[in-house]
Protein chains: 2
Amino acid sequence: MRKGFLTLNSREEAKLSARRSKGHRVTIHDLARIAGVSVSTVSKALNGNGRMAADTRERIKSLAAEIGFRPNALARGLLSNRSFTVGLLTNDTYGRFTLPVMAGISEALVDHGVSVFLCAIEDDPELGKVHVDAMLDKQVDGIIATGKRVDRSLPVDLAGLPVPVVYAFTEGEAGSVTLTADDRHGARLATEWLQRIGRKRLVHITGPREFASAVERAEAFREVAGSAAPVLHGVWSEAWGHAAVDRLWNEGGGKPDGIFCGNDQIARGVVDALRERGAKVPEDVSVIGFDNWEIMAAQTRPPLTTVDMNLKELGREAGLMVLALAEGRTVEPGLRKLPCKLVIRESCGGGDRRD
Amino acid sequence: MRKGFLTLNSREEAKLSARRSKGHRVTIHDLARIAGVSVSTVSKALNGNGRMAADTRERIKSLAAEIGFRPNALARGLLSNRSFTVGLLTNDTYGRFTLPVMAGISEALVDHGVSVFLCAIEDDPELGKVHVDAMLDKQVDGIIATGKRVDRSLPVDLAGLPVPVVYAFTEGEAGSVTLTADDRHGARLATEWLQRIGRKRLVHITGPREFASAVERAEAFREVAGSAAPVLHGVWSEAWGHAAVDRLWNEGGGKPDGIFCGNDQIARGVVDALRERGAKVPEDVSVIGFDNWEIMAAQTRPPLTTVDMNLKELGREAGLMVLALAEGRTVEPGLRKLPCKLVIRESCGGGDRRD
DNA sequence: TTTTCTTGAGAAAACCTTTTCTCATATTGA
DNA sequence: TCAATATGAGAAAAGGTTTTCTCAAGAAAA
């Protein structure tokens with residue numbers, strides 16, 4: 001007689017809405033009562049465990065859907081030792097680097113039912129500790145550390161934590177799992193492209209020598225362009241790009257016909273300076289940027305051809321890695337460098353040569 | 001005999017590290033065993049509840065600190081119906097607007113032991129629902145919705161959720177708690193400043209009419225500058241700023257001596273165009289931007305005087321508001337507009353007139 | 001008809017913490 | 001010395017879910 005009915009009778013409905021309006025969520029007990037079975041049966045029905053009559057299972061499932069039952073993750077986590085949350089620690093709140101990384105992480109993990117705690121710690125070790133403790137209290141399954149510089153670590157010690165840690169775009173301790181963009185690869189891509197479209201006299205204008213990224217890109221540039229190719233170190237700004245062009249054009253000697261810049265801001269300064277001097281981009285000089293910072297690269301006249309570090313992909317990978325570690329799967333430790341890609345716009349010409 | 005000892009004996013230490021190495025965290029039961037009291041006593045000691053001998057309390061407290069006991073937030077939340085988490089929903093993953101908002105939220109809430117779930121939903125209603133469900137499963141105490149446009153709502157319905165919702169810098173449903181920057185106030189600040197430093201012929205160059213922000217700022221501009229003052233609507237780009245100046249200078253009539261721009265990118269285009277035409281900034285023309293987007297405003301030559309929307313503060317307020325609602329305190333519903341502030345740099349001159 | 005096996009479903013424990021209630025002991029007053 | 005009170009600490013329940021174990025009933029075999 002009980003079997004087969006699907007809609008709730010009015011008494012049950014009344015009870016349910018009474019509970020709901022008191023701020024209570026629907027629990028597995030409510031569902032069990034309504035279905036006329038025990039909570040264990042409900043649990044097994046919904047999770048596909050245990051032996052049971054197929055129609056019982058189906059009946060419970062559709063009833064659960066009908067009243068919108070969703071298991072309390074806190075209770076579940078308490079039992080399973082898995083909270084289905086991970087923490088994301090960053091000291092780059094305003095930065096354009098970590099944003100795509102974060103987006104990638106969030107995107108990769110939501111498919112696995114994992115939510116991400118965002119912890120903006122600036123450069124404050126105290127704040128870092130507070131956040132880490134708060135996350136550990138909440139039983140995060142793992143932590144991802146990310147920052148604004150590949151060669152600096154966060155102001156907080158994550159070694160020896162009771163949960164796995166993955167470092168993305170920031171320096172991790174020895175033996176840790178770390179992910180960054182392959183700066184050398186990006187620089188090679190850019191330099192080879194300049195050569196491929198016929199540029200001979202290449203120059204690299206980039207940021208300070210103190211940045212590992214700047215150094216690595218410069219080394220890779222010289223490996224491709226030749227060890228005598230000039231590299232100008234400065235700061236990461238538009239103004240420096242401008243000034244560097246002034247310097248190149250004021251000193252004697254042959255002018256470059258291809259300029260690889262350490263970031264899009266420098267490239268923008270370079271393009272502006274070239275225009276002011278009457279050098280046409282890309283007809284006379286090809287310019288390549290780095291970062292593919294849309295709002296900068298796309299608004300420059302002409303729009304910048306630039307190197308994209310695939311940061312979203314990097315985030316996605318990092319997310320999947322903590323997840324793997326959290327589930328007890330092993331992940332090979334060490335530094336993994338993800339390849340970059342070249343985004344062709346108009347500041348180089350040669351777009352038709354792409355293949 | 002038991003009383004007064006502080007350091008663990010070796011047997012207890014061994015047991016503890018055995019548990020820890022098996023991936024188990026220290027529980028209140030461990031602590032109780034070590035302290036030689038019951039779990040209830042420990043709980044009461046640490047939470048300052050119940051009656052108990054002062055030295056018992058102290059002994060337990062220092063023991064807890066020594067072994068690093070921290071209560072499991074999942075268990076706590078299960079009991080108290082408070083998870084000390086809130087969800088942050090955003091469709092502006094890359095945007096410069098929501099970043100400071102997020103930072104403000106995180107900063108305000110960490111002090112209250114509350115962690116923030118970051119949910120990047122782009123403009124995907126499906127993804128939005130997945131995230132919201134995941135958060136509700138995790139028993140978030142509240143949700144903050146934020147986006148890239150004040151006059152658009154997120155692609156997900158947050159009405160009727162069993163937790164409080166606060167909207168920050170995005171449109172909420174009727175009767176909701178919503179926080180935005182006061183565009184009119186910002187525009188007034190800028191326009192009045194131009195007048196104050198002696199500019200008479202003011203122009204406003206801004207974004208599309210479809211943006212409520214653009215319209216409100218334009219209205220406020222005209223209230224201050226006079227209803228005949230020209231307003232040029234275009235897009236939010238540097239190129240448009242450039243083009244707008246071309247238009248103004250090519251058509252006959254008096255040239256403006258003060259230009260209020262709808263955002264920093266437009267301002268940058270305006271400044272560049274003026275320089276190209278030989279008009280000096282700020283000597284001949286004063287230019288004001290909007291947004292105080294550091295990387296744009298500070299790198300423009302000369303650095304931009306601009307309106308700051310106090311987005312971090314807005315985030316902080318939003319955070320405190322969900323918290324209040326989560327704790328059952330009432331918050332007056334409706335749209336609250338937070339004041340802006342003027343950031344004086346060099347594109348206006350008159351910096352010394354500040355008071 | 002009796003025995004064995006299969007199937008379906010429930011009872012109870014476990015996860016960790018907090019809180020209320022209860023109880024034993026020590027202290028005070030008569 | 002006895003009763004009444006104050007004090008300190010433990011037992012147990014609760015919160016929501018999952019999992020293991022147990023058990024009853026029906027079906028098949030003898």
Side-chain angles (χ1 to χ4, degrees), chain A residues 2-3 19-20 22-61 63-64 67-84 113 136-139 141 162, chain B residues 2-3 19-20 22-33 35-61 64 67-84 113 136-139 141 162:
Chain A
R2 186 132 225 173
K3 274 191 179 177
R19 271 181 68 77
R20 267 204 261 242
K22 284 203 307 183
H24 287 285
R25 312 276 246 273
V26 184
T27 75
I28 199 172
H29 286 95
D30 299 321
L31 181 49
R33 192 167 33 70
I34 294 169
V37 297
S38 72
V39 291
S40 12
T41 303
V42 173
S43 175
K44 284 182 292 188
L46 297 181
N47 294 309
N49 300 329
R51 288 180 317 202
M52 99 187 1
D55 67 325
T56 308
R57 198 183 288 276
E58 279 316 309
R59 190 168 59 86
I60 293 173
K61 272 188 179 173
L63 214 43
I67 68 174
F69 166 73
R70 310 207 95 223
N72 182 327
L74 264 44
R76 218 176 204 176
L78 193 52
L79 207 54
S80 65
N81 249 322
R82 287 272 272 112
S83 63
F84 287 89
L136 292 179
D137 289 353
K138 277 150 196 149
Q139 313 292 114
D141 297 332
Chain B
R2 185 133 224 172
K3 272 190 181 178
R19 268 182 71 77
R20 267 204 260 241
K22 284 204 307 184
H24 287 285
R25 313 278 245 272
V26 185
T27 74
I28 199 172
H29 286 92
D30 299 320
L31 180 49
R33 193 167 31 72
V37 296
S38 72
V39 291
S40 10
T41 304
V42 173
S43 176
K44 285 181 292 188
L46 297 180
N47 294 309
N49 300 331
R51 288 179 314 200
M52 95 188 0
D55 66 326
T56 308
R57 199 183 288 275
E58 279 315 309
R59 190 168 59 87
I60 293 173
K61 272 187 180 174
I67 68 173
F69 167 73
R70 311 206 94 225
N72 182 326
L74 264 44
R76 219 176 202 177
L78 193 53
L79 208 54
S80 65
N81 250 322
R82 287 272 272 114
S83 64
F84 288 90
L136 291 178
D137 290 352
K138 276 148 197 151
Q139 311 294 112
D141 297 331

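All values reported here derive from a predicted model rather than from experimental measurement. Residue numbers begin at 1 in each chain, while the letters A, B, ... track the order of the sequences.
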Self-check item: Euclidean distance, atom NZ of residue B/K138 to atom P of D/dG16 [Å, nearest integer]
Solution: 19 Å
Exercise. Give the rounded distance in Å between these two atoms: CZ of B/R33 and P of D/dA9.
Key: 19 Å
Quiz prompt | Residue met sooner reading DNA chain D from 5', once B/A54 and A/P71 are mapped to nucleotides | solution = B/A54
Quiz item: Within this structure, what is the CZ-to-P distance between A/R82 and D/dT19, rounded to whole angstrom?
Solution: 13 Å
Self-check item: Length of the CZ-C1' vector between B/R70 and C/dC16, whole Å
Solution: 16 Å
Exercise. Take atom CZ of A/R51 and atom P of D/dA25, then tell me their distance rounded to the nearest Å.
Key: 17 Å
Quiz item: What's the spacing between A/E58 CD and A/M52 CE if we round to 0.5 Å?
Solution: 11.0 Å
Quiz item: Over how many whole Å does the gap from B/L46 atom CG to C/dT18 atom C1' extend?
Solution: 12 Å
Under 3.5 Å, which donor-acceptor pairs link side chains of residues 67-79 of chain A to any protein atom two or more places apart or in another chain?
from  : atom 1 : to     : atom 2 : distance (Å)
A/R70 : NH1    : B/D133 : O      : 3.4
A/R70 : NH1    : B/D137 : OD1    : 2.9
A/R70 : NH1    : B/D137 : OD2    : 2.6
A/N72 : OD1    : A/L74  : N      : 2.7
A/N72 : OD1    : A/A75  : N      : 3.3
A/R76 : NH2    : A/N47  : OD1    : 3.3

Exercise. Respond yes when some side-chain nitrogen or oxygen of A/S43 is under 4.0 Å from OP1 or OP2 of D/dT19, and no when none is.
Key: no
Quiz item: How large an angle, rounded to 10°, do the end axes of the helix from C/dT1-D/dA30 to C/dA30-D/dT1 enclose when each is built from five base pairs?
Solution: 60°
Quiz item: Taking the side chain as C-beta and beyond, is there a heavy-atom pair between B/L136 and A/R25 under 4.5 Å?
Solution: yes
Exercise. With sequence neighbours left out, write down each residue that passes side chain to side chain donor-acceptor pair (under 3.5 Å) with A/S38, or none if nothing qualifies.
Key: A/S40, A/T41
Quiz prompt | Under 4.0 Å protein heavy-atom contacts per nucleotide of nucleotides 10-15 of chain D, with B for base, S for backbone only and - for none | solution = BBB-BB
Quiz item: Once you round it to whole Å, what is the distance between C1' of D/dA6 and CE of B/M52?
Solution: 16 Å
Quiz item: Is the side chain of A/K138 donor-acceptor paired with the backbone N or O of A/S83 at a distance under 3.5 Å, no angle test?
Solution: no
Quiz item: Just to confirm, is there a sub-4.0 Å distance from OP1 or OP2 of D/dT18 to any side-chain nitrogen or oxygen of A/N49?
Solution: no
Quiz prompt | Interatomic distance where CZ belongs to A/F69 and C1' belongs to D/dG16 [whole Å] | solution = 8 Å
Self-check item: Distance in Å, A/I28 CD1 paired with A/I60 CD1, rounded so as to fall on 0.5 Å steps
Solution: 9.0 Å
Quiz item: Using a cut-off of less than 4.0 Å, is there contact between a side-chain N or O of B/N72 and OP1 or OP2 of C/dC15?
Solution: no
Quiz item: Considering residues at least two apart in sequence or located in another chain, which fulfil the salt bridge (charged side-chain N to carboxylate O under 4.0 Å, His left out) criterion with A/R82?
Solution: A/D141, A/E327
